[in-house]
Every structure is written in C-alpha cells, then in structure tokens.
Engineer: 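Starting off with a structure, shown below.
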Amino acid sequence: ETGVTQSPTHLIKTRGQQVTLRCSSQSGHNTVSWYQQALGQGPQFIFQYYREEENGRGNFPPRFSGLQFPNYSSELNVNALELDDSALYLCASSLGGSDTGELFFGEGSRLTVL
Amino acid sequence: AQSVTQLDSHVSVSEGTPVLLRCNYSSSYSPSLFWYVQHPNKGLQLLLKYTSAATLVKGINGFEAEFKKSETSFHLTKPSAHMSDAAEYFCVVTPFGGYNKLIFGAGTRLAVHP
C-alpha cells in the first residue's frame, strides 16, 4: 500500500467542460507530481508542487493548472477539456529536495472526454 | 535532452524462462536510470535504480539491470519468470538536477504463459 490516494477513480466529461482531480500524498511527503498517461504510452510529466509552490512544469498548456494545500494534498485542474485529454492521470508523492527517482504513485484517475 | 527508448512494446515468455526487457537511453551526462512496474489497476512501483554506483543493480522480486555506458543501455532481466511478473514495465530517466521529474519510456508489456 503506497499511501497515495486519488479521487475520483473514473469520470466522464464532455468537450469544453472543466475537471478537478484530487490527490492525498503519502504521510511525510511534501512534494506532489502529476503525470498524464495516454492509452498505450508512458506517463508524461505535467508539473510538480513543493511546499505549495509549482516547482517545474512539463510541456502542457496553461489550461492544466494545480494547487498544493498546507497538508500537502493536491489538485489538478483542467479547463476547456479536449478529446485528447482522455487519459489516466497519476499523482505521485516524494520527499522534496531529494533526487532519488523514487516516487510513490496512486492508482490514478481515468478521465474520458466525449 | 534526456530520453529513453524501450525496444519492445510486447514481450511474451513462458513461466520459468528468462526475461529480458530492453532499454536504451540518450543523455549528455551520466544519467540516473530506473525501472518502474505497473500492474493492472495498481500504482506504479519502483523496481530498481541506477545512480552512478555499481553498474549491476539488483531490485525487488528478483529483477536486475546492468548499466552499460558503451552501449547506452539499461536492460532489465530476471532469470526465471513467474506468472505474477505479468505487467507493464517502464524504463525511466531523470534530468540532471531534475528532482524526481521523471521521463518515461513508452513501456513494455510482459506476458507470462504457463
């Protein structure tokens, strides 16, 4: 059991709508990262939050945004949904300042955009 | 820029036979490399990591990988496959000073037959 929990597990939206995905990090971890995993592909880095500040961003447009709260939980928000946003969204927690490569992943939120 | 290429999208083996999952990397410096495993409906889990110490790295569940700089490879092996090894395997690299912003390969799906 990794301790990282994500909600909801599945959801369906239509084009143009907005979605919020939530993540609770593993106890003691102050860094949360979000990844998008399209069907048949490897996860792609969206962004990372460390102590409530964005700490790096991948090649995703501004309609992908996030928040980290004082308890280190996090939200991923996607506005103006597009069909290509259909994917598994993965949250991962880790200890900030480390470069170990060891992230603890949740099971993901599967988003379908119709 | 750093990247990893997984040479096989699907590998099928019989239970009890060796497993070889191939990964080549591209990096302008000595990279940190990892293998992650994703079982169905489970979160990604770190199998093993190379961070410029020993070139032969041992991981969990009997897996190991060898870093070969001359071949820019980091292949994953296991002497004897078990049914429970069936999963998706990802080769991963982190950018220098990347602080756990992982770059994933496309993945290799391992099937294990009785």
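The structure presented is a predicted model; accordingly, all values stated were derived computationally and were not measured. All chains are named by letter (A, B, ...) in the order of the sequence lines, taking the proteins before the strands, and each is independently numbered beginning at 1.
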Engineer: Tell me, yes or no, whether the heavy-atom count around A/N59 atom CG, taken from other residues, nucleotides or ligands under 6.0 Å, exceeds 12.
Structural biologist: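 No, because the 6.0 Å sphere around CG of A/N59 holds 12 heavy atoms or fewer from other groups.
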Engineer: Do A/F104 and A/H29 have their ring centres less than 6.0 Å from each other?
Structural biologist: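 Ring-ring flag for A/F104/A/H29: true, centres closer than 6.0 Å.
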Engineer: So with a 6.0 Å cut-off around CG of A/L39, is the heavy-atom count from everything else above 12?
Structural biologist: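 Counting other residues, nucleotides and ligands, CG of A/L39 stays at 12 neighbours or fewer.
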Engineer: Are there residues of residues 102-114 of chain B that reach to under 4.5 Å of chain A by heavy atoms, and which ones?
Structural biologist: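 B/L102, B/F104, B/G105, B/A106 fall under the 4.5 Å cut-off.
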Engineer: Side chain, backbone, both or neither: which part of B/Q45 has a non-hydrogen atom closer than 4.5 Å to chain A?
Structural biologist: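 Contact with chain A involves no heavy atom of B/Q45 at all.
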Engineer: Pick from B/Q38, B/K42, B/Q6: which one has the most heavy-atom pairs with chain A under 4.5 Å?
Structural biologist: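 Max contact count across the listed options: B/Q38.
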Engineer: Please round to the nearest 0.5 Å and tell me the distance separating atom CD of A/Q6 and atom CG of A/L76.
Structural biologist: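 If I round to the nearest 0.5 Å, the distance is 9.5 Å.
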Engineer: Would you mind checking which part of A/L90 comes under 4.5 Å of any heavy atom in chain B, side chain (CB onward), backbone (N, CA, C, O), both or neither?
Structural biologist: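 For A/L90, the side chain is the part near chain B, not the backbone.
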Engineer: Just one of B/V93, B/V92, B/T94 clears the side-chain contact (heavy atoms from CB on, under 4.5 Å) bar with B/S32, so which one?
Structural biologist: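 Single pass found, and it is B/T94.
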Engineer: Tell me, side chain or backbone of A/Y35 under 4.5 Å from chain B's heavy atoms, or both, or neither?
Structural biologist: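 Only the side chain of A/Y35 comes within 4.5 Å of chain B.
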Engineer: Parallel, tilted or perpendicular: which describes the rings of B/F67 and B/Y25, with under 30° parallel and over 60° perpendicular?
Structural biologist: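 Parallel.
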Engineer: Check each atom of A/Q37 against the heavy atoms of chain B and say whether the ones under 4.5 Å are side chain, backbone, both or neither.
Structural biologist: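 Answer is side chain: those atoms of A/Q37 sit under 4.5 Å from chain B.
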Engineer: Can you confirm if the NZ or CZ of B/K49 lies within 45° of the ring axis of B/F34 and under 6.0 Å from the centre of its six-membered ring?
Structural biologist: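 That pair does not qualify as a cation-pi contact.
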Engineer: Quick check on the 6.0 Å ring-centre criterion: do A/Y49 and A/F47 meet it?
Structural biologist: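 Between A/F47 and A/Y49, which both carry aromatic rings, the centre distance is below 6.0 Å.
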